[in-house]
Amino acid sequence: MTIFRFRTGNREGGPAPRPPMADSPRSIFGKMNAVSVAGAQFARICPALALTGALFSGAAVAAQQIAVPSGVEFALYDVILEEDAGIARFRFVVPAIAPAGAHLEFADIVDDLQFVCDRVIVPALQGNGWSEAEIVLSISDQRADFGTYDPAITQFFQPFRLKDQTCIWEDF
């Protein structure tokens, strides 16, 4: 199984983890070994994800802010591509779902999830040759380690399917 992973700086705001191994042939943002991945190449693929180019230079970057219709703050901080399985995981921080914050419920942000899938995820995947995929869009009130459960972190997950240039809502 080939898995590619892209993250912004760590929870404490320190330097970003190392980019995927140099022999990884493809990423959500194009060729891994391309020196010019920062800047214009990313902007062509998906303007909302342009800042993630700094990941490949090893520079620390803040989570990529995404403007959504409700005005709630969404910040992309992790992308995991399981190319062999056709699964793309996009992970966002949404502080407004925290119990100590606005404490928004899933129903309060459901339209934003569809918007993010349609306007951010689909163009990014298609721009890199993914015409079909299973997509898992996850949001949490703070960064969480992938695959771990922390009862202090509020998390919502929504699966989608990419088919015919459309982000199709799926149920678990």
To check you understand the geometry: which heavy-atom pair defines the closest contact between Cys167 and Gln114, and what is its length?
O-NE2, 3.0 Å
Does Thr166 offer a backbone N or O that forms a donor-acceptor pair with the side chain of Asp164 under 3.5 Å?
no
Could you measure the distance from the OG atom of Ser138 to the CZ atom of Phe146? Nearest 0.5 Å is fine.
8.0 Å
Minimum heavy-atom distance Thr154-Pro99, with the two atoms named:
OG1-CD, 3.4 Å
Say whether Trp169 and Leu125 are linked into one hydrophobic cluster, either directly or through other cluster members, by side-chain heavy-atom distances under 4.5 angstrom.
yes
Distance check, rounded to the nearest 0.5 Å: Ser140 atom OG versus Asp150 atom CG?
10.0 Å
Any heavy-atom pair between the side chains of Trp130 and Leu81 that's under 4.5 Å?
yes
Does the side chain of Phe92 reach to within under 4.5 Å of the side chain of Val116, using non-hydrogen atoms?
yes
Find the distance between CD (Glu73) and CD (Gln65) and round it off to the nearest 0.5 Å.
4.5 Å
On a heavy-atom basis, the closest approach of Cys117 and Ile135 is SG-CD1, 4.0 Å
Closest contact, heavy atoms only, Gln158 versus Glu170
NE2-O, 2.5 Å
Atom CD1 in Ile109, atom CD1 in Ile97: separation rounded to 0.5 Å?
6.5 Å
Would a hydrophobic clustering, with Ile, Leu, Val, Met, Phe, Trp and Tyr connected at side-chain separations under 4.5 Å, put Phe160 with Ile168?
no
Answer yes or no: is there a donor N or O on one side and an acceptor on the other, between the side chain of Asp118 and the main chain of Phe115, under 3.5 Å?
no
Evaluate the criterion side chain to side chain contact (heavy atoms under 4.5 Å, CB included) for residue pair Val110 and Asp108; output intermediate values, then yes/no.
CA-CA 6 Å; Val110 71; Asp108 297 322; over 6 Å; no
Stepwise, does the side chain to side chain contact (heavy atoms under 4.5 Å, CB included) test hold for Asp78 with Ile80?
CA-CA 7 Å; Asp78 195 10; Ile80 303 168; 3.8 Å; yes
Step-by-step side chain to side chain contact (heavy atoms under 4.5 Å, CB included) determination, Phe74 to Leu113
CA-CA 10 Å; Phe74 272 59; Leu113 298 179; 4.0 Å; yes
Verify, without hydrogens or angle tests, whether Asp141 (side chain) and Ile153 (backbone) share a donor-acceptor contact under 3.5 angstrom.
no
Does Glu82 come within less than 4.0 Å of Arg89, counting only side-chain N to carboxylate O?
yes
Main-chain N/O of Ala144 paired with Tyr77 side-chain donor or acceptor, under 3.5 Å
yes
To check you understand the geometry: which heavy-atom pair defines the closest contact between Val68 and Val72, and what is its length?
CG2-O, 3.1 Å
Closest non-hydrogen atom pair between Val122 and Gln165, with its separation:
CG1-O, 4.2 Å
Show the numbers, then the answer: is there a side chain to side chain contact (heavy atoms under 4.5 Å, CB included) between Ile66 and Gln64?
CA-CA 6 Å; Ile66 308 295; Gln64 174 64 52; 4.1 Å; yes
Does Asp111, at its CG atom, have more than 12 non-hydrogen atoms belonging to other residues, nucleotides or ligands within less than 6.0 Å?
no
